[in-house]
Amino acid sequence: MTQVKRTINRRAFLKVSALASGGMMLSFSWLAGCKPSTEETSRLPKEWFELSSYVKIGDNGVVTLMSPNPEFGQNVKTSLPMMLAEELDIDWKDVIVEQADFFPERFERQFTGGSLAMQMAWKPLRTAGATVRHMLIGAAAQAWQVPASEITTKSGVLYHKASGKEAGYGAMASQAAGLPVPEEVPLKKVSDFKIIGNSKKNVEGLNIVTGKPLFTLDYKREGMQIAMVAHPPAFGLKVKSVEDSAAKAMPGIKDVFIIKTLADDYERNGFDTTTFTEMVVVVGNTTWEVLNAKKALKVAWEKIADTTVVIAGRGGKQSVTIPAGLESTETHQTAMAEMAKKPGKVLRQDGDPKGAFKKAAKVIERTYSAPFLAHNAMEPVNCFAHVTAENAEIVGPIQAPEFIMQALSARLGMPREKIQIKLTRMGGGFGQRAYGHHLVEAATISQKLNAPVKLVYTREDDMTYGIYRPTYTATYKAALDDQNNLIAYQVKAGGIPESPLGFAQNRFPAGAVDNYLAEEWELNSNITIGAFRAPRSNFLGGAEQSFLDEVAELAGKDPIAFRLELLDRAKTKPVGEQNDYDPERYAGVLKLVRDKSNWEKGNSGAHRGVSAYFCHNTYVAEVVDLSMRENKPIVEKVFAAVDCGVVVNPDAATNMGEGGIIDGIGNALYGEMTFRGGVPQKKNFDTYRMIRHSEAPKAIEIHFVKSEADPTGLGEPLFPPIFGALANALYKATGKREYTQPFLQGNQPLV
Amino acid sequence: MMAKINLQINGKKQTVDVDPNTPMLWVLRDHLNLVGTKYGCGIAQCGACTIHLGDVAVRSCQLPVSAVGDQAITTIEGLSVNGDHPVQQAWLEHDVAQCGYCQAGQIMNASALLKRTANPDDKEIESAMNGNICRCATYMRIKAAIKSAAQS
Ligand code: FES
Ligand code: FES
């Protein structure tokens, strides 16, 4: 309830009044050319009353709910307001949803990432809805001179049964707005939910299918210039000089200059990942003109020296060296293979793994690896900024607005209160848009020009900028006794420039094996990395689940039965105390997928693989059915069983799950970024292979475990296990185990 | 360098004064404020920029404005007045979109497909739609929506 109790400070007040002239009230009014339809206009009340940061009620009973989190396709703009509406007790048809600006004084946790939106909003948003409902009841109690306890609500109407009085929320809103905010309010029982658990369509559906300007790239402002950048073509290079006379003479071109976004001594936070702090900027009237002028630039590049930056990240303040050098995939692979042979840093050890391996009846060791991946969100990096001497206005695709404020404030020389970030719908993000370098670039350019500007990356600029999923490798080793029991298990994993293991050493099968060892290592690099859908798990899930499949085979056990046996051990006699999973829920999804896929009977027409993984607080098990046609795998069907607690918006949850599964299949089969002499070898979709229509599964079934547990997220958890289920199915189809991603290397693009 | 070019877009005559080599994509987005047509790759690989030239789906990032001639252009904004084209309706019914960025291109391609093939089978849908990437991977729903639209 903190968000409704908090007094709005002066800055918050000023922002509200500044925006009250329209922007704040009507989400559809601020993007150019996006006028409300007559139907929308006719619904609008004459007056709005703000009852909390999240809720405004119109005199006609229409309710505006603010969606606090940045939307990038995970559908929070629909499912978060559903939580508010549920407790507010209104009809969904009477709701208008508005995207909140970044406004930390009024909204909590305006962050998209980690599959955490549902979980983190669950109590605060329902509390906010219930609080407003109680204020409305309080207003009616005063107006009718009856006890509040005798007033009930239904679908936006207040009732007093004894006197027969009733009133819509709109009629009581003005009075309610003046009442004190209650300290504590009860929340509904899960079994009483009317909106939560019933699918609601995407609130932006119509705007999307009619091509309304919803994205930053669609944003326009009077006098706005278009800016494009030329960033170094390789990691390990920087701008030396630019010969720009030809470009400057081209039609529509206003200026060419070099910007520097972060000062060398600027102390970065964990989200200030910036590959190139200096770039050449071309500014002009239209995208096409600027694009052409950019091609006419002659930029000289030079090699960087070892550079040290200070980063205050999760592990405290650290000096980090960005090494000089032009790196290649071949040298990465050699270096990783060497590191894998050396002992790593021990993250967890149970029992005596060494001794157990010595006396084992069977030992198996396998190494898995995966390449760097580019996010390739469909909307390329871009950002609008208008910086004046007084303030800065930024409109941009950003998952983590809070974390870029420090860099903006430092670069612009402006206190945070003068910087306003408006959150637009993002054309995908997948982790990449958590890093706001583009906001700093756009703001720097606008400040220099003293004009509104929209920075636009080409697809090539976006794909070659970095912030990739790191490249990883992991070696697993398991020991079986003569009864085929798993007696020892170890994993040594590393990557460039981070290890995938750091947060995962306490995951299954840790806790289910007496002798266990987890070690990690990492190699530095100047190639930048960032979160990518299910960071680290996106590699570990596939590798570990492929390995367990092979261990089960060695033990002569069914892969599901083998896992269930281990989970039973973890439940009845767990090893260690740090295990970070609930073996019962884990087993629950395996059993559900077993039953739904008819696992025991099998599917004679298909090659099947299974896997299960727990990450981002959600349990998932998946079965893949494959067939082979002309030596190519066809995914016939995927079954998924998911335990994410209460499912807030089931159809949207299914959509998200399907996306995670298909994205996983695509990356497992084709996803790969390679380097030569520091240069990313793929620059656009002709060479960077993305999964397409014909390669998607023919069918997907997603089953949710019925649960009253608090909801957890879905954006990430269905992604990691599919790599394993697919690899295991491929083995059944080809007789060959998959150790190296992408599984189909070297395939030519389709179109 | 610049030239006045007459266009017929979404049933309306428009004149633009641009470099004749400018791709239709940027004429639509920058000059005519029709930003429903999206930029995704600029090299005919993603389909985000799909529009109709006459009845045919084309990649507007590859279509110089000078090559349009007197052929009518339809963009997502002109597909229907209120979003009531059967393909748009089917998209809503199946709640296809995730981020939504690719969807205008998908819808324009799908509606052109249905114009030439009233009842496409799975194979025909897949091969017609293969040039349209959806990074959010809403492929299951796109296919289902095309089938629904074909029925209506
Ligand atoms: S932008 Fe035209 S096909 Fe990608
Ligand atoms: S819905 Fe996001 S790219 Fe298709």
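Because the structure is a prediction, the values reported are computed rather than measured.
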Q: Quick one: what part of V18(B) sits under 4.5 Å from any heavy atom of chain A, side chain, backbone, both or neither?
A: neither
Q: Can the positive tip of R533(A) be found less than 6.0 Å from the middle of the six-membered ring of F719(A), inside 45° of the ring normal?
A: yes
Q: Is it true that the side chains of K13(B) and N6(B) contain a donor and an acceptor less than 3.5 Å apart?
A: no
Q: Answer yes or no: is there a donor N or O on one side and an acceptor on the other, between the side chain of H52(B) and the main chain of T75(B), under 3.5 Å?
A: no
Q: Who among M129(B), Q103(B), H94(B) has the most heavy-atom pairs with chain A under 4.5 Å?
A: M129(B)
Q: Tell me which of these, G36(B), C41(B), G78(B), has more heavy-atom pairs under 4.5 Å with chain A than the rest.
A: C41(B)
Q: If you define the side chain from C-beta out and look only at heavy atoms, does anything of K147(B) sit under 4.5 Å from I125(B)?
A: yes
Q: Salt bridge check, E126(B) against K698(A): does any charged N sit closer than 4.0 Å to a carboxylate O?
A: yes
Q: Using non-hydrogen atoms and a 4.5 Å limit, figure out which bit of S199(A) sits close to chain B: side chain, backbone, both or neither.
A: neither
Q: For M463(A), which atoms come within 4.5 Å of any heavy atom of chain B: side chain, backbone, both, or neither?
A: neither
Q: For a 4.5 angstrom cut-off between non-hydrogen side-chain atoms, does Q8(B) reach I73(B)?
A: no
Q: Checking K200(A) side chain against T78(A) main chain: does a donor-acceptor pair fall under 3.5 Å?
A: no
Q: Between chain B and each of I691(A), T458(A), T287(A), T286(A), count heavy-atom pairs under 4.5 Å; write down the option with the most.
A: T287(A)
Q: If you tally heavy-atom pairs under 4.5 Å against chain A, which of A48(B), A97(B), C102(B) wins?
A: A97(B)
Q: Please step through side chain to side chain contact (heavy atoms under 4.5 Å, CB included) for the pair M378(A) and C46(B), ending with a clear verdict.
A: CA-CA 9 Å; M378(A) 278 312 282; C46(B) 78; 3.8 Å; yes
Q: Do you know which of Q74(A), E289(A), M656(A) has the most heavy-atom pairs under 4.5 Å to chain B?
A: M656(A)
Q: Can K454(A) and D30(B) be counted as an ion pair, charged N to O under 4.0 angstrom?
A: no
Q: Which one wins on heavy-atom pair count under 4.5 Å against chain A: I76(B), L25(B), D95(B)?
A: D95(B)
Q: Let's test your reading of the structure: which of N21(B), I43(B), I107(B) forms the most heavy-atom pairs below 4.5 Å with chain A?
A: I43(B)
Q: Distance to the ring centre below 6.0 angstrom and angle to the axis at most 45 degrees; does that hold for K682(A) and Y688(A)?
A: yes
Q: Could you tell me which portion of H85(B) (side chain, backbone, both or neither) has an atom closer than 4.5 angstrom to a non-hydrogen atom of chain A?
A: neither
Q: A cation-pi test, strictly: NZ or CZ of R135(B) under 6.0 Å from the centre of the six-membered ring of F430(A) and no more than 45 degrees from its axis. Yes or no?
A: yes
Q: Quick check on E77(B) against chain A: is it the side chain, the backbone, both or neither that has a heavy atom closer than 4.5 Å?
A: both
Q: Under a 4.5 Å heavy-atom cutoff, which of D651(A), N285(A), I700(A), I661(A) has the most pairs with chain B?
A: D651(A)
Q: Which atoms of Q106(B) come close to chain A, meaning under 4.5 Å heavy atom to heavy atom: side chain ones, backbone ones, both, or neither?
A: side chain
Q: So which of N202(A), I226(A), N292(A) has the largest heavy-atom pair count under 4.5 angstrom toward chain B?
A: N202(A)
Q: Under a 4.5 Å heavy-atom cut-off, does chain B meet the side chain of L291(A), its backbone, both or neither?
A: side chain
Q: Non-hydrogen atoms of chain A under 4.5 Å away: do they reach the side chain of N82(B), the backbone, both or neither?
A: backbone
Q: Please rank L217(A), I665(A), L206(A), N75(A) by heavy-atom pairs under 4.5 Å with chain B and give me the top one.
A: L217(A)
